[in-house]
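Shown next, in structure tokens, is the structure this report addresses.
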Number of protein chains: 2
Amino acid sequence: MESHPPAGGHSVRTRSQHQRRKRIVQAAAALASRGGVEAMQMRTVAERAGVALGTLYRYFPSKMDLVVAVVGEEIDLLESSIERRPPGASTPASRAVDVLMRATRGLMREPELADALIRSLIMAEVQTPFGDRMTGLLLRVSAEGLTLEQASEEQRDLAGSLASVWVQELLEMLRGRRTYDQIQRRIETAAARLLAGI
Amino acid sequence: MESHPPAGGHSVRTRSQHQRRKRIVQAAAALASRGGVEAMQMRTVAERAGVALGTLYRYFPSKMDLVVAVVGEEIDLLESSIERRPPGASTPASRAVDVLMRATRGLMREPELADALIRSLIMAEVQTPFGDRMTGLLLRVSAEGLTLEQASEEQRDLAGSLASVWVQELLEMLRGRRTYDQIQRRIETAAARLLAGI
DNA sequence: ACAGATATTAGAATCTGTTCTAGTTTGCGA
DNA sequence: TCGCAAACTAGAACAGATTCTAATATCTGT
């Protein structure tokens with residue numbers, strides 16, 4: 001209640017703290033993209049980031065918080081990719097499918113990282129903006145640049161449901177139970193119904 | 001390659017081994033229904049089940065395998081509940097909603113257990129019949145007692161998607177981000193579209 | 001520049017899942 | 001019934017996340 005640690009994902013006081021945080025997240029991402037979560041050991045992350053273990057824990061109170069931060073960066077990448085090259089398809093559903101499959105391909109490129117991130121996110125006790133950000137993204141591309149706030153409750157429900165389906169399919173893929181094509185088919189089927197006339 | 005351990009969830013040789021396995025699963029469930037996964041410590045489970053730690057690990061090679069076993073029991077309960085009192089609603093979608101919300105209420109009764117189970121299931125490397133069993137259940141109640149094998153690919157995709165939405169909603173609830181009513185609304189919305197004319 | 005608060009560090013300590021060891025018990029075919 | 005292979009037991013050992021400690025370094029306001 002008295003101390004003011006650099007808060008996992010929020011404001012940081014000094015420039016050097018900002019740098020430190022960045023180094024930590026980068027080190028974590030690098031390790032995870034090799035051997036997945038197991039390779040991303042807290043001691044190792046601290047070492048690679050040139051920081052004491054205690055400091056790492058001051059920035060990220062648990063390994064999960066660190067993973068969440070890494071995921072944040074990944075979503076940033078996806079968002080900027082979509083900004084750079086927005087989906088051009090003509091229906092809301094197909095634009096949404098475009099975005100989701102683009103994200104899927106991105107994650108497939110680093111399976112270890114993807115596995116670590118998705119699983120950890122799902123496990124997180126932490127409040128993760130993951131689902132909401134994905135839902136917002138879907139609304140934006142499928143319904144006239146709608147934001148989460150502007151959307152009707154039903155629109156949010158529908159976009160959120162599609163995001164849920166995607167996450168689960170991703171998990172199945174990581175378990176080796178889905179191929180890219182199967183995911184695409186399922187996402188298309190679900191999107192066609194969930195986003196019809198949205 | 002040479003030893004033949006009692007295989008986590010399969011055949012068991014003797015009666016006493018069957019008993020032992022049962023005691024273990026019961027002890028695990030009891031502990032989990034109190035303090036969740038954390039309370040379900042392997043040492044404690046072993047102790048409560050009156051079994052050596054090594055033996056516990058012979059039956060369940062990892063904590064996850066043990067959790068999967070506990071979940072199996074829970075799904076059995078749901079299935080028999082549905083057999084006893086099948087959903088009576090008139091549309092496929094509302095029958096599906098009935099089943100899912102019944103399952104939701106069941107899990108809400110033991111939140112700690114539910115949390116442990118759902119999370120672990122999602123994390124499991126193991127091949128868990130969870131999604132498939134849920135999907136099969138949904139097909140059965142919504143489309144004329146269809147089985148997973150008889151259903152068309154599209155039917156399986158749609159029922160599977162609904163199951164995905166449900167799982168994610170359950171997770172959100174366990175994170176304290178959904179109320180029962182919100183879940184019900186979302187499931188209804190999704191089911192109406194995904195199962196229309198199935 | 002000084003004082004007190006905050007941040008960082010190295011490293012030990014703790015906790016829980018998992019593995020290993022050595023010895024004992026049990027089940028079962030000959 | 002005898003003897004072996006498999007199962008079981010108690011407990012030590014190991015691994016990685018998390019916590020704790022005592023000392024040092026850095027900041028901030030004055």
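These numbers come from the heavy atoms of this one structure, side chains and all, not from hydrogens, waters or symmetry mates.
Here B/Met101 contributes atom CE and B/Asp181 contributes atom CG; the two are 8.0 Å apart, rounded to the nearest 0.5 Å.
Nearest to the side chain of A/Ser62, among D/dC8, C/dA7, D/dT18, sits D/dT18. For A/Tyr57, taking side-chain heavy atoms from C-beta onward, the closest of the listed nucleotides C/dG17, D/dT9, D/dT19 is D/dT19. Checking D/dC8, C/dT8, D/dT18 against the side-chain heavy atoms of A/Arg58 singles out C/dT8 as nearest.
In this structure, the side chains of B/Thr104 and B/Glu169 stay at 4.5 Å or more apart for every pair of heavy atoms. B/Val141 places none of its side-chain heavy atoms less than 4.5 Å from the side chain of B/Pro86. Under the 4.5 Å side-chain criterion, counting only non-hydrogen atoms from C-beta, A/Leu162 is in contact with A/Leu100.
A straight line from CE of A/Met40 to P of D/dA17 spans 9 Å, rounded to a whole angstrom. Put simply, CD on B/Gln19 is 13 Å from P on D/dC8, counting in whole angstrom units. Look at CD1 on A/Ile24: it is 14 Å from P on C/dA7, rounded to the nearest Å. Atom CG in B/Leu66 sits roughly 15 Å away from atom C1' in C/dT16 (whole-Å rounding). In this entry the distance linking CZ of A/Phe60 with P of D/dT19 reads 15 Å, nearest Å. When rounded to the nearest whole Å, the span between CZ of A/Arg20 and C1' of D/dC27 equals 12 Å. When the P atom of C/dT8 is taken as reference, atom CZ of A/Arg23 falls 10 Å away, rounded to whole Å. B/Gln41 places its CD atom 10 Å from the P atom of C/dC15, with the value rounded to the nearest Å.
Across residues 42-54 of chain A, A/Gly50, A/Val51, A/Ala52 each have a non-hydrogen atom less than 4.0 Å from an atom of DNA chain C (numbered order).
Within the structure, salt bridge (charged side-chain N to carboxylate O under 4.0 Å, His left out) contacts touching residues 153-168 of chain A (residues at least two apart or in different chains) are A/Glu153-B/Arg185, A/Asp157-B/Arg185, A/Asp157-B/Arg186. The list of salt bridge (charged side-chain N to carboxylate O under 4.0 Å, His left out) pairs with a residue in residues 30-44 of chain A, not counting sequence neighbours, is empty.
Between A/Met134 and the options A/Leu78, A/Ile75, A/Val167, a side-chain contact (heavy atoms from CB on, under 4.5 Å) holds for only A/Leu78.
The side chain of A/Tyr59 places an N or O atom within less than 4.0 Å of a non-bridging phosphate oxygen (OP1 or OP2) of C/dT8. Dashed line: the shortest gap from a side-chain N or O of B/Thr55 to OP1 or OP2 of D/dA7 is not under 4.0 Å.
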